[in-house]
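See below for the structure under consideration.
Heavy-atom basis, side chains included; hydrogens, waters and symmetry copies ignored.
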Amino acid sequence: HAAQVVCRELGYMEAISWSPSSKYGKGEGPIWLDNLHCTGREKTLALCPSNGIGVSDCKHSEDVGVVCSDKRIPGFKFINTLPNHVENLDIQVEDVRIRAILSSYRKRIPVTEGYVEVKDGGKWKQICNTEWTQLSSRVICGMFGFPGERKYNARVYKMFARRKKPTYWDYAVNCTGNEAHVSSCKLGQTTSPKSNATCPGGLPVVVSCVPGRAFAPTTMTGFRKAFRQEQPLVRLRGGTIVGEGRVEVLKNGEWGTICDDNWSLLSATVVCRELGFGTAIEALSGGRLGQGMGPVHMNEVECSGFEKSITECLFNKEALGCSHEEDAAVRCNVPAMGFQESLRLSGGRNPFEGRVEVLVQKNGSLVWGTVCSEGWGTMEAMVVCRQLGLGFASNAYQETWYWPGEVSADAVAMSGVRCSGTEMSLSHCLHHGVHLNCPKGGGRNAAGVSCSETAPDLVLNPQVVEQTTYMEDRPMFMLQCAYEENCLSSTSSEVPANTYRRLLRFSSQIHNNGQSDFRPKAGRHDWVWHDCHRHYHSMEVFTIYDLFSLNGTKVAEGHKASFCLEDSECDEGIEKRYECANFGDQGITVGCWDTYRHDIDCQWIDITDIKPGDYIFQIIINPNYDVPESDYTNNILKCRCRYDGHRVWMYSCHNGGSLSTESEQTFPGLLNNQVAHR
């Protein structure tokens with residue numbers, strides 16, 4: 001009951017659970033409350049009976065925690081009421097919406113044009129347009145996930161208002177245009193409380209919004225003129241859902257991050273609108289959505305809120321003292337597309353897991369059914385978790401007999417699903433359409449997922465590869481172990497034991513910059529003992545090493561390297577958790593890195609049969625997406641490689657997605673990890 005009171009007081013619908021024994025860390029200072037006895041109906045925790053304020057025999061190891069539902073109590077208070085009209089009044093509304101009025105807009109998703117209505121006292125009311133300006137429309141559009149507003153046909157709405165008398169809200173609204181939410185706008189009184197709410201000489205407020213390109217309703221004619229990004233100078237990375245992520249900007253052909261000093265909702269909103277979303281819900285600091293790589297391009301950003309791009313705002317080029325631990329991020333308002341309604345997880349132990357069930361048209365009616373699990377993997381699971389707003393995939397399952405879903409939904413409704421991982425809805429992925437093909441059937445063999453709010457993000461350190469590269473001629477009799485592990489090119493099987501192999505050696509330093517530990521997919525019972533390395537490998541294909549000619553042709557038989565995963569070193573203040581020795585737990589902790597040194601067996605490419613020349617060297621980590629990550633584009637590393645027959649050099653090493661498209665084009669062949677394997 002006490003947890004319910006806390007959650008509601010904080011604006012959440014209800015409590016899900018509570019945790020004893022300082023699960024969320026020990027607090028500091030006095031312990032104010034002990035022996036609380038709430039009924040659950042109290043408005044605030046202070047009204048619950050207790051020992052009395054500050055009367056307690058507890059220690060901080062007994063600090064209590066709560067988990068609240070992610071559903072907020074709808075509604076909000078207006079904070080900027082006009083002092084001459086409505087001084088210190090507590091003006092609160094239950095909700096706000098854009099209601100489509102014209103029939104041509106009613107069937108469209110998302111709703112882009114209609115009356116602006118507020119819900120007050122359980123009734124939806126229109127707003128009088130006497131003090132309304134285009135700047136107020138800009139704020140409303142932003143709240144609903146749209147980057148801009150446009151003109152509409154006022155004549156039609158005049159006719160409609162004459163036919164159907166509006167019910168007006170008591171207040172007019174006046175915004176400056178750079179507010180992130182209508183609750184920050186000023187209010188004026190338009191109707192005297194005694195008279196019936198009217199709007200002298202005015203009409204109900206109508207807005208018409210321009211959707212971002214990704215959200216434009218398909219039926220909309222003339223949409224080609226809608227919001228389009230030019231050469232993108234800004235992008236979001238590492239977010240769980242569409243419209244959130246770490247902010248990265250392109251400067252001098254290289255992508256970098258923004259330092260969070262002075263990072264505000266105004267600046268975040270400029271980023272959101274620039275990318276085709278609405279206003280910002282949150283300006284996040286402290287690397288909350290993972291740490292970036294490369295330079296920190298901007299610091300102390302200050303925007304007015306009307307800039308077309310974050311690059312036009314005032315900022316400090318000096319980012320002294322800024323590290324990637326201070327990378328700024330945003331969460332943007334995005335249009336309600338209703339994608340959640342056509343998909344559900346069924347039978348799981350909690351809302352984050354279950355059998356995937358989709359809503360499809362069958363014989364003229366909508367029915368729920370399962371998804372064929374053939375070929376079902378991480379990318380498909382990622383799309384499901386994103387569509388339901390549950391974060392990242394943590395696992396993709398090809399059988400779900402342990403999660404009995406709805407029996408009525410056992411039949412397969414979707415098969416042949418193949419996703420690139422960036423889609424907003426499973427229906428946007430390639431699939432078989434009406435001609436289903438699923439030999440193993442649905443039911444117990446249907447596809448399932450489990451989702452997680454966080455994910456790891458592995459990134460190779462390019463400088464380490466450049467600094468540790470060298471060439472070694474090693475006799476075959478010293479390579480017996482490596483030969484058995486297929487780390488040499490196939491010609492090695494035809495040569496005598498006293499010949500040499502020429503090896504291009506380098507170190508791999510793999511950082512986890514994400515928000516959760518990188519753990520191998522295979523359980524301990526599936527790990528393989530590697531005699532050469534004298535330990536168990538938990539991932540049989542963890543990296544692929546390749547050498548290409550400048551036109552993208554593979555020239556050296558690279559190989560798939562299996563790995564034992566452990567924490568070699570960690571950032572300051574982070575403890576190592578994983579080690580390979582003694583059948584230890586394997587993984588890479590957030591903020592740590594795993595170094596595979598150049599002098600370990602198989603940490604090479606066999607270049608014995610290669611002619612001198614210029615090449616492209618490439619490493620891909622987690623190439624089969626066995627383990628879900630928040631960003632796969634940075635799993636690839638490329639270098640220019642020059643070999644003169646006696647020595648070898650690596651230069652211009654960089655991670656996938658770290659350079660502009662133009663710079664990347666000087667590196668032919670594969671553009672990023674996803675292209676490589678789909």
Side-chain angles (χ1 to χ4, degrees), residues 70-72 74 95-102 104-117 140-150 181 207-224 226-229 236 239-245 269 271-282 330-345 351 356-361 366 368 371 379-393 413-414 417 419-431 449 451:
D70 56 4
K71 289 193 173 62
R72 304 286 308 206
D95 211 349
V96 61
R97 70 179 181 188
I98 300 175
R99 179 164 70 95
I101 298 297
L102 310 182
S104 57
Y105 280 90
R106 275 190 212 149
K107 288 196 172 69
R108 286 192 190 153
I109 294 175
V111 175
T112 56
E113 182 175 309
Y115 279 177
V116 177
E117 300 186 327
I140 291 287
C141 288
M143 266 179 68
F144 286 95
F146 304 113
E149 76 297 329
R150 62 170 155 220
H181 192 278
V207 296
S208 185
C209 305
V210 181
R213 190 158 49 155
F215 305 99
T218 42
T219 52
M220 212 155 140
T221 51
F223 161 60
R224 295 183 201 296
F227 182 90
R228 283 188 79 127
Q229 237 192 312
L236 301 183
T240 47
I241 50 173
V242 177
E244 71 167 41
T269 290
V271 169
C272 291
R273 286 191 194 269
E274 177 178 3
L275 291 169
F277 306 117
T279 47
I281 306 168
E282 226 179 329
V330 296
R331 283 205 176 101
C332 307
N333 281 308
V334 295
M337 302 298 286
F339 290 141
Q340 281 100 322
E341 277 92 78
S342 57
L343 188 74
R344 68 185 183 193
L345 299 184
V356 179
E357 294 177 1
V358 290
L359 191 60
V360 291
Q361 283 270 347
L366 287 169
W368 288 97
V371 177
M379 287 306 181
E380 290 71 34
M382 280 286 195
V383 174
V384 167
C385 294
R386 179 183 302 120
Q387 184 173 348
L388 291 170
L390 298 176
F392 302 105
M414 202 174 184
V417 182
C419 305
S420 70
T422 55
E423 295 89 350
M424 284 191 271
S425 158
L426 202 62
S427 59
H428 296 170
C429 299
L430 286 173
H431 58 95
V449 300
C451 305

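Here the OG atom belonging to S420 is positioned 7.5 Å from the CE atom belonging to M379, to the nearest 0.5 angstrom. Here the SG atom belonging to C272 is positioned 8.0 Å from the CD1 atom belonging to I281, to the nearest 0.5 angstrom. Interatomic distance, CZ of F392 versus CG of L390, reported as 12.0 Å (0.5 Å rounding). Atoms CZ and OH, on R97 and Y115 in that order, are 12.0 Å from each other to the nearest 0.5 Å. The CG atom of L236 sits 6.0 Å away from atom SG of C332, with the distance rounded to the nearest 0.5 Å. Rounding to the nearest 0.5 Å places SG of C429 at 6.5 Å from CE of M414.
When all heavy atoms are compared, the tightest approach of I98 to G114 is CG2-N, 3.7 Å. Taking each heavy atom of V242 and F215 in turn, the nearest pair found is CG1-CZ, 3.8 Å. In plain terms, the two heavy atoms of V360 and A413 that are nearest each other are CG2-CB, 3.6 Å. Counting all heavy atoms, side chain and backbone alike, E149 lies closest to C141 at CB-SG, 3.7 Å. Summarising the geometry of I109 relative to M337, their closest heavy-atom pair is CG2-O, 3.3 Å, with the distance given to 0.1 Å. The nearest pair of heavy atoms linking G276 to P147 is O-CD, 3.7 Å.
The side chain to side chain contact (heavy atoms under 4.5 Å, CB included) check on E282 picks up L284, R288, R331, with sequence neighbours excluded. Partners of F339 according to the ring pair (Phe, Tyr, Trp, His ring centres under 6.0 Å) rule, which considers only residues two or more places apart in sequence or in another chain, are H428. Remark: L102 pairs with S104, Y105, E113, V156, Y157 by the side chain to side chain contact (heavy atoms under 4.5 Å, CB included) rule, at least two apart or across chains.
For the side-chain contact (heavy atoms from CB on, under 4.5 Å) with F144, the lone residue among V207, N333, V96, T112 that qualifies is V96.
Q361 has its side chain within reach of L366: a pair of non-hydrogen atoms, C-beta onward, lies under 4.5 Å apart.
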Quick one, V334 with I241, criterion side-chain contact (heavy atoms from CB on, under 4.5 Å). Give me CA distance, side-chain angles, the key distance, then yes/no.
CA-CA 10 Å; V334 295; I241 50 173; over 6 Å; no
Could you go through V417 and L430, starting from their C-alpha distance and side-chain angles, then the distance that decides it, and tell me whether this counts as side-chain contact (heavy atoms from CB on, under 4.5 Å)?
CA-CA 6 Å; V417 182; L430 286 173; over 6 Å; no
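Q387 places a side-chain N or O within donor-acceptor distance of the main-chain N or O of L426, the cut-off being under 3.5 Å. A donor-acceptor pair under 3.5 Å is formed between the side chain of R106 and the backbone N or O of I101. A distance-only check finds no donor-acceptor pair linking the side chain of R273 to the backbone of G278 [under 3.5 Å]. Remark: side-chain polar atoms of E380 are paired, donor with acceptor, to backbone N or O of C419 under 3.5 angstrom. Although no hydrogens or angles enter the test, the distance criterion places a donor-acceptor pair under 3.5 Å between the side chain of E244 and the main chain of T240.
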